[in-house]
2 protein chains.
Amino acid sequence: MPNALTQKLEGFEPLTDHARWTLDGLLLKVRPVGARRDLILEGDKPENVLLVLDGFACRYKILPNGQRHIIALLVPGDFCNLNVFVLDEMDHAIGTLSPCKVADIPRRAIDEAAKSHSCIARSFWWCSLVDGAVLREWLVNIGGRSPGQRIAHLLCELLMRLEVVGRVTDDSYAFPLTQTEIAETMGLSDVHVNRTLRELRALGLIHLKRRVLTILNVQRLKAFCNFTPNYLHLRNTRWGERQDTSGPGPVPRDTRDVRAGQD
Amino acid sequence: MPNALTQKLEGFEPLTDHARWTLDGLLLKVRPVGARRDLILEGDKPENVLLVLDGFACRYKILPNGQRHIIALLVPGDFCNLNVFVLDEMDHAIGTLSPCKVADIPRRAIDEAAKSHSCIARSFWWCSLVDGAVLREWLVNIGGRSPGQRIAHLLCELLMRLEVVGRVTDDSYAFPLTQTEIAETMGLSDVHVNRTLRELRALGLIHLKRRVLTILNVQRLKAFCNFTPNYLHLRNTRWGERQDTSGPGPVPRDTRDVRAGQD
DNA sequence: CGACTTATTGATGCACTTCAAGCGACGTGG
DNA sequence: CCACGTCGCTTGAAGTGCATCAATAAGTCG
């Protein structure tokens, strides 16, 4: 089974056998990390680059009033701190959400891999650009969508990102976040997350139990939150090409979205 | 007077004379653009890299219900689409807010400049990393802070970013956004932006009239929104070094922030 | 000067937060 | 093995911060 990094990068563009072999060589030092452990703290100057190979981690910041804010979810194949080559100090922290497998990669190894294969260099660059694109979409998500659409959008995004690294079967994937953590991600209260999830369940869109999420109707969930995957910039997967223009079937409308006529 | 790009990059690290000269060479094709014009549309595949040399522009997305969401503000010295080297298609649009001067830079010229000077290459990389860092801070801003703190934080950030490129005098700078545009940036209604601005004025923190913003007490404004500039990763300016640990004087507390004991 | 955009203010309603309590699952130790 | 504590989920009730609607005032540009 290919490692998550290789899988992810091939969602962008094909790699040569030799490049794949080089990538494997980056993942020599892999360690297990328990849930809710910090990998990197704000202000740290990490020596190595960390890569999530299994499990969920997140970027986060703590506001002075104590509330935590989750800025990004890191899933298998995601780099934690590719910025280490330019920025001296971390401006946010990184911690695990579930038990994880994490690779420590010496920055020199990254450097050499990038220099030896232009496709690897471009892929790494792509990683950090997609990180930014996801961030932009999240900004729109929090700023502009209703809680229901917001959470639905997150779940759609994860479906695709996890699909690329082979973590999805039958529109179902491991989703280890507690409702409080979802709240910290979505800028909502945990109580309201609970109610919103109940609503999504009632609409027959999702099933979430014991940390496993099942999307009951992908088409409808995507239509529900107007999910368009262009910002993930996948072009080498079965998802990258199609635009989902096929009929989504009946779409439950979110209450807040009544005013605009998008039909 | 040095151009905004060079000024900005030197906020990160010093450039050689030759590198400065090379950067000047990138800015041969400069054109004026009126306010509220689109520079790049979502879905475009731009040939050149665009750079804002004067005025305000923004990244934005339009949701299917018609509401616009401003994802980033682009000020003099900011690149619009450095991603052009890796991503084929724009996942968001870029438009001017005020009248601007914009440079068209052939991607080959960027490439060559980066290859000829490692400090330029690193600086460009730094640009896109800082873009991401700002985005993360915005996410926290929208997700976690009260409207008053939110707007104050934006104004503090702009103060520093504009300071670097010499657009600030006496804690005062041109701020061309309408209240509706501020609302689109902050995830608020325009009415509420109006009321929040009134509040900030009443607290004696800012003065905003005829598209000119004056910060009446920088220390207090920063303390008011807990502004910490680490995420801008400036280290070569008079701002980059100091942490503002000096006494901020009496700090008006935001109403929403009462519960947590940060004193 | 008149047309149009932007800013301002008031009134109303509800979506969300906050506070609070009960419940189930799980693990630990007596 | 059951008692007990913890943690996450769930639900209720109450308050409010913000959006929405609407109308007027103040700029701004032809």
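Per chain, numbering begins at 1; letters A, B, ... match sequence-line order. Just so it is clear, the values below take in all heavy atoms, side chains as well, and ignore hydrogens, waters and symmetry mates.
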Are the side chains of [X] and [Y] in touch, meaning some heavy atoms are under 4.5 Å apart?
X	Y	answer
A:S146	A:Q149	yes
A:V134	A:R161	yes
B:Y173	B:L158	yes

Could you state the [atom1]-[atom2] distance from [X] to [N], rounded to the nearest angstrom?
X	N	atom1	atom2	result
B:R145	D:dG17	CZ	C1'	19 Å
B:Q149	D:dG17	CD	P	14 Å
A:H192	D:dC9	NE2	P	16 Å
B:L177	C:dA7	CG	C1'	15 Å
B:I182	C:dT5	CD1	C1'	16 Å
A:I151	C:dC16	CD1	P	10 Å
A:L208	D:dG8	CG	P	15 Å
B:L197	C:dA7	CG	C1'	10 Å

Salt bridge (Lys or Arg N to Asp or Glu O under 4.0 Å) pairs touching residues 53-63 of chain B, sequence neighbours excluded, are A:E137-B:K61, B:D54-B:R167, B:R59-B:D131
Whether [X] contacts [N] is assessed here as follows: a side-chain N or O lying under 4.0 Å from the phosphate OP1 or OP2. Is that the case?
X	N	result
B:R36	C:dT6	yes
A:N194	D:dC9	no
B:R201	C:dA7	no
A:R210	C:dG24	no

Nucleotide of [options] approaching [X] most closely (side-chain heavy atoms):
X	options	result
B:R211	D:dT10, C:dA7, D:dA19	C:dA7
A:Q179	D:dG8, D:dT10, D:dT20	D:dT10
B:L188	D:dC18, C:dC16, C:dT8	D:dC18
A:R195	C:dT9, C:dC16, D:dA13	D:dA13
B:T178	C:dA7, D:dT20, C:dC16	C:dA7
B:V191	C:dT9, D:dC18, C:dC16	C:dT9

*Hey, does A:S189 reach any base, or is it just sugar-phosphate, or nothing, if we go heavy atoms under 4.0 Å?*
base
Per-pair distances, 0.1 Å, donor-acceptor, side chain in residues 175-191 of chain A, under 3.5 Å, sequence neighbours excluded:
residue	atom	partner	partner atom	Å
A:T178	OG1	A:T180	N	3.4
A:T178	OG1	A:E181	N	3.1
A:T178	OG1	A:E181	OE1	3.4
A:Q179	OE1	A:N194	ND2	3.0
A:E181	OE1	A:T178	N	2.9
A:E184	OE1	A:R68	NE	3.0
A:E184	OE1	A:R68	NH2	3.0
A:T185	OG1	A:E181	O	2.7
A:S189	OG	A:H192	N	3.2

